[in-house]
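All remarks here apply to the structure that follows.
The figures that follow rest on heavy atoms only: side chains count, while hydrogens, waters and symmetry mates do not. What you see is a predicted model, and the numbers here were worked out from it, not measured in a lab.
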Amino acid sequence: YMYHDKIVLTCVAEIKRHIIKKRYDRLTQTTRRLRYDQTRLNQHLILVMRKIIGFRAYQGKNIDNYNKILERMENT
């Protein structure tokens, strides 16, 4: 369970960082209000998972569990 907890915490931290960065970039470029619907949030999650998988593959680490999570995310 500890290994899966680490995966989830890594994903959550990276997702939060990604959303905050994208939101900051948009708010500094425009004055309109931003709203995140379910589809947009899901796309953020998928992008972040792809980045995590790419980075872990670059490090030579196992990405099997991450690929399974990504597959589930893309199919929902």
Side-chain angles (χ1 to χ4, degrees):
Y1 290 107
M2 292 293 278
Y3 179 73
H4 294 292
D5 292 344
K6 187 176 179 181
I7 291 173
V8 171
L9 290 175
T10 301
C11 292
V12 168
E14 188 63 25
I15 290 162
K16 284 172 58 177
R17 186 197 66 75
H18 186 264
I19 290 173
I20 290 168
K21 182 188 179 310
K22 291 290 183 182
R23 178 170 243 201
Y24 174 79
D25 290 347
R26 279 195 194 92
L27 288 175
T28 57
Q29 294 173 4
T30 183
T31 57
R32 64 187 173 129
R33 274 183 89 185
L34 297 178
R35 293 186 186 158
Y36 286 106
D37 63 357
Q38 188 65 34
T39 303
R40 189 168 184 167
L41 182 58
N42 197 30
Q43 291 302 317
H44 274 293
L45 297 174
I46 290 170
L47 284 172
V48 169
M49 282 302 294
R50 287 180 181 156
K51 287 181 181 183
I52 291 171
I53 290 168
F55 184 66
R56 288 185 62 83
Y58 172 77
Q59 291 178 324
K61 295 184 178 179
N62 186 357
I63 58 172
D64 293 337
N65 288 328
Y66 288 89
N67 281 328
K68 289 177 188 175
I69 293 169
L70 179 62
E71 185 178 320
R72 286 184 197 150
M73 290 169 66
E74 290 176 334
N75 291 330
T76 50

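The side chain to side chain contact (heavy atoms under 4.5 Å, CB included) with Glu71 is formed by just one residue from the set Ile69, Asn75, Asn67; it is Asn75.
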* For Arg72 and Met49, what are the C-alpha separation, side-chain angles and deciding distance, and is it a side chain to side chain contact (heavy atoms under 4.5 Å, CB included)? -> CA-CA 11 Å; Arg72 286 184 197 150; Met49 282 302 294; over 6 Å; no

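Residue pairs that meet the salt bridge (Lys or Arg N to Asp or Glu O under 4.0 Å) test with at least one member in residues 57-66, sequence neighbours left out, do not exist here.
We find the CG-CD1 distance between Leu70 and Ile63 to be 10.0 Å, quoted to the nearest 0.5 Å. Atom CZ of Arg56 sits about 9.5 Å away from atom CD1 of Ile53, to the nearest 0.5 Å.
Across all non-hydrogen atoms, the minimal contact from Met73 to Ile46 is CE-N, 3.5 Å.
Counting heavy atoms of neighbouring residues, nucleotides and ligands inside a 6.0 Å radius, atom CD of Gln59 exceeds 12 of them.
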